[in-house]
Amino acid sequence: MGVNIKMLAERLKLSISTVSRALRDSYEISESTKNRVRDMALELNYQANPYASSLRKHRSKTVAVVIPEITNNFFSLAINGIEYVAQEKNYHVLIYLTHENIHKEIGFANHLQSGRVDGVLMSLSAETNNYDHLIDLKNKGVPIVLFDRICEAIESSIITTDDFESGFAATEHLIESGSERIAYLDLSRYLSISNKRMQGYLEALKKHNIPTDEDLIIRFTNNNAANEEIITQMLSGPNRPDGIFASVEKLAISCYNVCERLQIKIPDELKIISFSNMEISSLLNPSLSTITQPAYEIGKQAALQLLRYLEKKSMTDVHERRRLKSTLIPRRSTGF
């Protein structure tokens, strides 16, 4: 057990407040007392607790990042961007994983009301369809910046990508690659990104006079085995699609697994494109065509905005909305 400030004060027969002020080099404490305190602190190998000190000042110098998962490469890269900014500003980062579970997200939001963190960066779970927990957190004075998976129900800074335009571009790319029966694979009917990507998909079909088939708009869960079963049924039927637009990378990987099992040739029999930040996209067999988001920059911009809140309290009512551009990268899975 390390030496704390109370033990130091008892050894010196001084009050805790006197020792604390002496360690902070306060003008209220004489030089002789400061020297006594410093010498004893050195002798006992006393280490100041930065968390306790910052809590007394109502600042923890810590921010929370609440995300649905870490295996998605988008979030790994976004965290790198957040960490870069936090380290530059001497902030600590705590990571909370909801695993796409609304109850975990609510629990974390309630926990973070305690003052443990100065602010929160959040990307919503696939199950989130009520935002009361975020409103409560914000009403407690904790600033929130939403990134990627957002909601419009609370006033907050938002950092996103051009999901509608990218959804349109991905679908049109499949059409121009020869696909006529295109399935849209989705993770949630609640997520803003899913709905915008789907609207882009529908608009591209409309532009090219391809009728919308509701049976080809399929929603999945966070259960990979169940997802592969749904994809197996879709690709085993008589009217199977000849193109797939996966809104998240885990669904594209599930498609690859099923195609290998069913011996469906990509891209000859089925073309696939997905939102994905996987570095191994080009190494898959065949290489995966992707909509690649500027994930690192999204994380960086979200963190910068949160720290602007924290450093200028008068700016907490000024909400920034930034929309960064994603990039379509054609590869062999769509015939390129």
Side-chain angles (χ1 to χ4, degrees), residues 1-67 79-98 104-122 132-145 156-157 299 302-318:
M1 179 179 175
V3 175
N4 58 35
I5 197 167
K6 181 180 179 181
M7 295 166 64
L8 196 60
E10 289 174 351
R11 180 69 72 91
L12 289 162
K13 295 183 169 49
L14 295 171
S15 69
I16 293 173
S17 61
T18 297
V19 173
S20 177
R21 287 197 298 271
L23 291 170
R24 296 200 307 272
D25 198 27
S26 170
Y27 69 91
E28 301 171 293
I29 307 300
S30 68
E31 283 301 317
S32 60
T33 300
K34 288 179 187 178
N35 288 334
R36 279 185 61 211
V37 171
R38 289 167 185 155
D39 290 344
M40 184 62 70
L42 186 63
E43 179 183 335
L44 298 179
N45 195 28
Y46 167 77
Q47 299 291 326
N49 184 338
Y51 295 101
S53 175
S54 60
L55 283 172
R56 285 191 293 273
K57 300 173 187 175
H58 307 292
R59 292 291 292 275
S60 67
K61 295 293 285 184
T62 302
V63 296
V65 181
V66 183
I67 56 175
I79 287 171
N80 286 343
I82 292 167
E83 286 274 11
Y84 173 81
V85 172
Q87 289 176 11
E88 287 284 305
K89 299 288 186 176
N90 295 315
Y91 273 78
H92 304 278
V93 176
L94 297 178
I95 310 294
Y96 294 82
L97 300 179
T98 66
K104 287 183 180 292
E105 184 177 291
I106 292 171
F108 292 147
N110 293 338
H111 169 71
L112 294 171
Q113 291 181 22
S114 65
R116 184 178 187 186
V117 300
D118 297 331
V120 176
L121 296 158
M122 181 178 286
D132 289 347
H133 55 295
L134 302 184
I135 295 170
D136 290 343
L137 184 60
K138 189 169 183 291
N139 288 342
K140 290 288 186 180
V142 181
I144 303 171
V145 174
S156 173
S157 283
L304 284 170
Q305 180 59 15
L306 180 60
L307 295 189
R308 281 195 286 270
Y309 279 168
L310 299 178
E311 292 169 0
K312 298 182 180 180
K313 287 292 186 181
S314 62
M315 301 240 339
T316 55
D317 292 327
V318 180

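Keep in mind that what you see is a predicted model, and the values were worked out from it rather than measured.
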J.: Just wondering, do Ile67 and Val65 contact through their side chains at under 4.5 Å, heavy atoms?
T.: yes
J.: Mind checking whether Arg38 and Asn35 have side chains closer than 4.5 Å, heavy atoms only?
T.: yes
J.: Side chains of Lys104 and Leu97: does their closest heavy-atom pair fall under 4.5 Å?
T.: no
J.: Judged by atom type as modelled, is there a donor-acceptor pair below 3.5 Å linking the side chain of Ser156 to the main-chain atoms of Ile144?
T.: yes
J.: Quick check: closest heavy atoms across Val117 and Ser60, and the distance to 0.1 Å?
T.: CA-OG, 3.4 Å
J.: Of all the heavy-atom pairs spanning Tyr91 and Thr62, show the shortest one and how long it is.
T.: CD2-N, 3.7 Å
J.: To check you understand the geometry: which heavy-atom pair defines the closest contact between Ser157 and Gln305, and what is its length?
T.: OG-NE2, 3.0 Å
J.: Between Val37 and Ala22, what is the shortest heavy-atom contact and its length?
T.: CG2-CB, 3.8 Å
J.: Between Asp118 and Val63 (side chain of the first, backbone of the second, donor and acceptor by atom type, cut-off under 3.5 Å), is there such a pair?
T.: no
J.: So do Met40 and Leu44 actually touch side chain to side chain, heavy atoms under 4.5 Å?
T.: yes
J.: Who are the ring-ring contact (aromatic ring centres under 6.0 Å, His included) partners of Phe108, not counting sequence neighbours?
T.: Tyr96
J.: Do Thr33 and Ser30 pair up side chain to side chain, a donor and an acceptor below 3.5 Å, judged on atom types alone?
T.: yes
J.: State the CG-CD distance between Asp39 and Glu43, to the nearest 0.5 angstrom.
T.: 8.5 Å
J.: How long is the span from the CG atom in Leu14 to the OG atom in Ser20, to the nearest 0.5 Å?
T.: 12.0 Å
J.: Rounded to the nearest 0.5 Å, how far apart are NZ of Lys61 and NZ of Lys89?
T.: 9.0 Å
J.: For Val120 and Val66, what are the C-alpha separation, side-chain angles and deciding distance, and is it a side-chain contact (heavy atoms from CB on, under 4.5 Å)?
T.: CA-CA 7 Å; Val120 176; Val66 183; 4.1 Å; yes
J.: When rounded to the nearest 0.5 angstrom, what is the spacing between NZ in Lys138 and NE2 in His133?
T.: 14.5 Å
J.: side-chain contact (heavy atoms from CB on, under 4.5 Å) with Asp132: which residues, sequence neighbours excluded?
T.: Asn130, Ile135
J.: Which pair of non-hydrogen atoms, one from Ile82 and one from Ala303, has the smallest distance, and what is that distance?
T.: CA-CB, 4.0 Å
J.: Side chains of Ile5 and Leu23: does their closest heavy-atom pair fall under 4.5 Å?
T.: yes
J.: Do Lys34 and Arg21 have side chains that approach each other closer than 4.5 Å (heavy atoms only, starting at C-beta)?
T.: no
J.: For the residue pair Leu307 and Leu310, establish whether any side-chain heavy-atom pair is separated by less than 4.5 Å.
T.: yes
J.: Output the distance between atom CZ (Arg36) and atom CD1 (Ile29), rounded to the nearest 0.5 Å.
T.: 11.5 Å
J.: Arg11: which residues meet the salt bridge (charged side-chain N to carboxylate O under 4.0 Å, His left out) condition with it, sequence neighbours left out?
T.: none
J.: Does any non-hydrogen side-chain atom of Leu304 lie less than 4.5 Å from one of Leu306?
T.: no
J.: Do Leu134 and Asp136 pass the side-chain contact (heavy atoms from CB on, under 4.5 Å) test, and can you show the C-alpha distance, the side-chain angles, and the key distance before you say yes or no?
T.: CA-CA 5 Å; Leu134 302 184; Asp136 290 343; over 6 Å; no
J.: Could you pull out the closest heavy-atom pair between Leu137 and Gln113, with the gap in Å?
T.: CD1-CG, 3.6 Å
